[in-house]
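These numbers come from a predicted model, not from an experiment.
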Amino acid sequence: MTIAQICITATIIVYLCLVIFTGVMIGRRSKKSAEGFYLGGRGLGPLVTAMSAEASDMSSYLLMGIPGLAYLSGVADASWTAIGLAAGTYLNFLLVAKRLRRFSARLDAITIPSFISKRYNEKKPVIMCISALIILIFFVPYVASGLAAIGKLFNSLFDWDYMTAVLIGAAVIISYTSIGGFSAVATMDLIQSVIMTAALTVIVVFGVVQAGGLDEVLSHARTLPGYLSFSQTFNASSGSAEPYGLIRIVSMMAWGLGYFGMPHILVRFMAIRDENELKLSRRIASVWVVLSMGVAVFIGIVGHAVSAAGRIPLLEGSATETVIVRLSGLLSGYGILPAIVAGCILAGILAATMSTADSQLLAASSAFSENIVQNVFGVKLTEKQTMLTARLTVVVIAVIAIFLAADPNSNVFQIVSFAWAGFGAAFGPAILCALFWKRSNRQGIMAGLVVGGAMIFVWKFLVRPLGGVWDIYELLPAFLCACAAIVIVSLLTPEPEEEVIQMYESYNK
């Protein structure tokens, strides 16, 4: 190994040790109960709530996906996606956060399935079972995609064995998640969001310098047809501009709808100590997501200029997602201190991946141990047995995810895209109707959950391949179908019981 590689490796090892140590320390102080393990005792402050929600959302997509899209085809694809995600973040905090915190606390619900079930006063846990199964179906492969991203990162950086890297990443995530629970995950998400921010800032400044200055970056981008346009996109293979139509814009912005149904993000709202602090959380989260994604898009533009200057190779296809890795490698060649900084940047990519995987792992664990084992099957557990079951479930789900991540050729982005759509379409309409529509009932919500989840598969594999006007991100049509199912079935079936209506009205006062 070169001196630069040694410095980078040492920096990442120090970071991983810090993660484990922090998780263990927080775990010792955490409340030893199901609410403590899954919601941190509803004691999150506004800063941790905001940054934990955003860090658990962004994953490696922020540091690899968005810069890669911008590098490959210009600002259109990446920017319209970023605009949709920014709008979704703001509206989720504005519309959902406060009501969900209030409702879930009064219903004593600590998971999304239990909230929906208790909101409609379910006698038999049918909604809870459907919701928990949807979480397991989409979250286990989602966790696997995060582990696969870790494996690919270390394999490309140091030529480590792919599965060895996956196992190391899984071991670190399991250690602090199973010991510290939600409090450890939320705190680590805050730390990881700081690392991600620092990585974006350093790499964009370094990239501009390597390209020859800001004027040179913009001058190069203008030479590429359609590269800086929001209505055109740059085709790297032909070197020409292509139109970026309304269908494509709507499809990319539809990513923002996913926020309304993300269990690992929604539980952050349920966990804040005071619903009135969510206003501050909304401002922090909105500012951070806009700035971070704007910088991520700009890194792609800067990276292309650095390639044109001959400082890094010209990247093609999926290799464009490694633009930050390439720039970090270039930085590490300037001495020991720059190599350590490069290690911190690469730790930022690792942090982005881990901050999402840990939250997903905890949400999947709660769906099984809390909702299926105890609520659906009626297994009565003591507090101590509940904690043991929760921790064992984290380990078991992680092991399953490791097996699913065994294929190094799996497409991480496609898995993330599919799972994001699944949660958004299944839970988004259900959560919105539960919070805002008094007339919605159990039958309608069940229909929405099933239709939303099923339409993701139907549109993805049967309709979207037809192309043309049908080539729309599956989240949008599935979301609309789920909304229609809830409305139609609710209106065709009896109104909710008087008790359910009174409960809804009292919570809205």
For a 4.5 angstrom cut-off between non-hydrogen side-chain atoms, does [X] reach [Y]?
X: Phe115; Y: Leu435; answer: yes
X: Val295; Y: Ile299; answer: yes
X: Pro263; Y: Phe139; answer: yes
X: Ile431; Y: Ile112; answer: yes
X: Leu327; Y: Leu331; answer: no
X: Asp77; Y: Ser73; answer: yes

Closest approach of [X] and [Y], non-hydrogen atoms and distance?
X: Glu474; Y: Ala421; value: CG-CB, 3.8 Å
X: Ile12; Y: Gly343; value: CG1-O, 4.0 Å
X: Met270; Y: Ser104; value: CG-OG, 3.5 Å
X: Ala425; Y: Leu475; value: N-CD1, 3.5 Å
X: Ala405; Y: Ala144; value: CB-O, 3.5 Å
X: Ala78; Y: Val297; value: CB-CG2, 3.9 Å

Hey, is [atom1] on [X] packed in by over 12 heavy atoms from elsewhere, all under 6.0 Å?
X: Ile336; atom1: CD1; answer: no
X: Arg326; atom1: CZ; answer: no
X: Phe21; atom1: CZ; answer: no

side-chain hydrogen bond (donor to acceptor under 3.5 Å, both in side chains) partners of residues 296-308, not counting sequence neighbours, each pair once = Tyr71-Ser307, His220-His304
Within the side chain of [X], is there an N or O that forms a donor-acceptor pair under 3.5 Å with the backbone of [Y]?
X: Ser286; Y: Arg283; value: no
X: Arg282; Y: Leu94; value: no
X: Ser79; Y: Val75; value: yes
X: Ser281; Y: Pro46; value: yes
X: Tyr473; Y: Arg248; value: no
X: Thr322; Y: Val325; value: no

message = Check this for me: does any side-chain nitrogen of one of Arg101 and Asp274 sit under 4.0 Å from a carboxylate oxygen of the other?
response = no
message = With side chain to side chain contact (heavy atoms under 4.5 Å, CB included) as the criterion, how do Phe427 and Ile135 come out once you've worked through the C-alpha distance, each side chain's angles and the decisive distance to 0.1 Å?
response = CA-CA 10 Å; Phe427 287 114; Ile135 286 177; 3.7 Å; yes
Under 3.5 Å side-chain donor-acceptor pair for Trp288 and Thr197 = yes
Can you tell me how far apart [atom1] ([X]) and [atom2] ([Y]) are? Round to the nearest 0.5 Å.
X: Ser366; Y: Ile110; atom1: OG; atom2: CD1; result: 7.5 Å
X: Leu361; Y: Leu147; atom1: CG; atom2: CG; result: 8.5 Å
X: Glu54; Y: Ser193; atom1: CD; atom2: OG; result: 9.5 Å
X: Leu278; Y: Ile272; atom1: CG; atom2: CD1; result: 4.0 Å
X: Thr111; Y: Leu362; atom1: OG1; atom2: CG; result: 11.0 Å
X: Thr2; Y: Ile6; atom1: OG1; atom2: CD1; result: 7.0 Å

Those residues that, when tested against Tyr259, pass ring-ring contact (aromatic ring centres under 6.0 Å, His included) (two or more places apart) = Trp420
inquiry  = Using the rule given for side chain to side chain contact (heavy atoms under 4.5 Å, CB included), can you reason through Tyr90 versus Val290, listing the C-alpha separation, both sets of side-chain angles and the distance that settles it, and then say yes or no?
reply    = CA-CA 10 Å; Tyr90 180 81; Val290 169; over 6 Å; no
remark   = Residues at least two apart in sequence or cross-chain that pass side-chain hydrogen bond (donor to acceptor under 3.5 Å, both in side chains) with Thr49, listed by chain then number, are none
ask   = How far apart are the C-alpha atoms of His264 and Phe423, what are their side-chain angles, what is the distance that settles it, and do they pass the side chain to side chain contact (heavy atoms under 4.5 Å, CB included) test?
value = CA-CA 10 Å; His264 61 299; Phe423 286 123; 5.6 Å; no
